[in-house]
Amino acid sequence: MHFTITLLIIGGRRCALVKKLKKAWSLFEEVSAGTFFFAGITLIFYGVIMRYIFNEPKAWVEEVVRYFIIWGTFLGFAVALRHNQHIQVDIVYDKLSKRAKRMVDIFATSVSILFCIVFTYYGYVLVESRYHSGMVSLDVGIPMWIVYLILPISGMLLLIRFVERLVHLLRGKEVNYDNPIT
């Protein structure tokens with residue numbers, strides 16, 4: 001009996017630890033995506049002020065803003081997936097039985113996992129080729145491998161979220177997606 005109680009205590013601690021890690025991971029996703037968007041928008045504001053108020057446009061601002069917004073968008077894909085906010089066509093899906101919906105969900109999630117693996121792999125190949133080529137951006141001189149690094153990073157973030165979704169589907173666990181917008 002003592003052994004069973006010990007396992008329950010350890011299991012409870014493990015469950016609490018997993019919940020804390022999931023919460024920290026979700027916070028990391030949101031903060032990183034938000035930081036890149038905020039930095040991009042702040043630089044846009046800076047560029048507008050420099051161009052129209054001080055009449056001294058900065059060429060580097062547009063390039064850096066583009067990279068920040070792209071990074072924020074790609075990091076935001078996993079956040080949107082966590083909240084089930086990606087665009088869906090569900091005219092036929094809504095008419096399916098519960099069992100058929102589950103099968104479609106498992107199939108779609110499995111295909112998405114395969115896509116993420118391919119996306120991550122070829123993103124890595126692109127980063128590696130840009131690293132070895134020594135290519136840099138035109139205005140700022142940022143190594144392009146850093147710019148393209150978001151591809152394998154976002155692929156891994158999406159892969160983690162799709163695997164999480166597949167595990168929930170296979171366990172039959174009902175997931176209630178909260179909508180952070182409303």
Side-chain angles (χ1 to χ4, degrees), residues 11-12 14-45 62 64-130 144 146-182:
R14 186 171 156 241
C15 186
L17 178 64
V18 169
K19 285 181 182 179
K20 286 181 182 180
L21 287 174
K22 285 176 75 172
K23 188 174 183 177
W25 183 256
S26 297
L27 181 65
F28 166 75
E29 286 176 331
E30 290 179 9
V31 167
S32 60
T35 300
F36 278 101
F37 274 122
F38 180 76
I41 291 169
T42 302
L43 280 175
I44 289 171
F45 184 67
E62 185 179 332
V64 172
V65 163
R66 186 178 316 122
Y67 299 147
F68 278 177
I69 297 295
I70 289 170
W71 270 67
T73 301
F74 274 76
L75 290 170
F77 289 160
V79 176
L81 180 61
R82 188 177 78 238
H83 294 291
N84 201 30
Q85 294 294 310
H86 284 278
I87 295 173
Q88 305 176 76
V89 179
D90 54 6
I91 294 171
V92 175
Y93 180 83
D94 288 341
K95 299 197 183 312
L96 296 174
S97 68
K98 191 170 184 164
R99 184 173 186 272
K101 284 181 182 180
R102 184 173 184 268
M103 297 305 286
V104 168
D105 288 341
I106 290 171
F107 175 75
T109 303
S110 300
V111 170
S112 299
I113 288 170
L114 290 174
F115 170 79
C116 288
I117 291 168
V118 171
F119 180 76
T120 303
Y121 172 75
Y122 283 107
Y124 172 76
V125 169
L126 182 63
V127 169
E128 187 177 37
S129 71
R130 293 302 179 252
M144 291 306 290
I146 294 174
V147 173
Y148 289 120
L149 191 61
I150 191 58
L151 297 174
I153 290 172
S154 66
M156 287 301 298
L157 293 174
L158 278 171
L159 179 64
I160 290 167
R161 288 295 174 188
F162 276 119
V163 167
E164 177 185 41
R165 180 176 280 189
L166 183 62
V167 167
H168 288 311
L169 287 169
L170 293 175
R171 288 182 177 170
K173 185 176 180 184
E174 191 74 27
V175 179
N176 294 325
Y177 298 104
D178 57 332
N179 187 348
I181 298 171
T182 59

Contacts of Phe28 meeting ring pair (Phe, Tyr, Trp, His ring centres under 6.0 Å) (sequence neighbours excluded), chain-then-number -> Trp25
Across all chains, not counting sequence neighbours, the side chain to side chain donor-acceptor pair (under 3.5 Å) partners of Tyr93 are Asp105
For a quick test of your reading: what N or O donor-acceptor pairs under 3.5 Å do the side chains of residues 151-163 make, sequence neighbours left out?
from	atom 1	to	atom 2	distance (Å)
Ser154	OG	Ile150	O	2.9
Ser154	OG	Leu151	O	3.2
Arg161	NE	Glu29	OE1	3.3
Arg161	NE	Glu29	OE2	3.3
Arg161	NH1	Glu164	OE1	2.8
Arg161	NH2	Ser26	OG	3.2
Arg161	NH2	Glu29	OE1	2.8

Residue pairs meeting side-chain hydrogen bond (donor to acceptor under 3.5 Å, both in side chains), one or both in residues 115-130, sequence neighbours left out, come to none
- Start with the C-alpha distance between Lys101 and Lys95, add both sets of side-chain angles, then the distance that settles side-chain contact (heavy atoms from CB on, under 4.5 Å), and finish with yes or no. CA-CA 9 Å; Lys101 284 181 182 180; Lys95 299 197 183 312; over 6 Å; no
Side chain to side chain contact (heavy atoms under 4.5 Å, CB included) filter on Ala33, not counting sequence neighbours, yields Leu75
*asked:* Under the criterion side-chain contact (heavy atoms from CB on, under 4.5 Å), I'd like the reasoning laid out for Leu17 against Lys22: C-alpha separation, chi angles, the key distance, then a yes or no.
replied: CA-CA 9 Å; Leu17 178 64; Lys22 285 176 75 172; over 6 Å; no
Heavy atoms of Leu81 and Arg165 approach each other most closely as O-NH2, 3.2 Å
Residues 110-119 side chain polar contacts: donor-acceptor under 3.5 Å, at least two apart:
from	atom 1	to	atom 2	distance (Å)
Ser110	OG	Ile106	O	2.8
Ser112	OG	Ala108	O	2.8

Sorted by chain and number, sequence neighbours left out, ring pair (Phe, Tyr, Trp, His ring centres under 6.0 Å) with Phe37 holds for none
Just so I know, are the side chains of Lys98 and Met103 near enough to count as touching, which here means a heavy-atom distance under 4.5 Å? no
Worksheet entry | Leu21 atom CG: more than 12 heavy-atom contacts under 6.0 Å | yes
A side-chain contact here means heavy atoms from C-beta on lying under 4.5 Å apart; do Val79 and Gln85 qualify?
no
Applying salt bridge (Lys or Arg N to Asp or Glu O under 4.0 Å) to Arg66 and not counting sequence neighbours gives Glu62
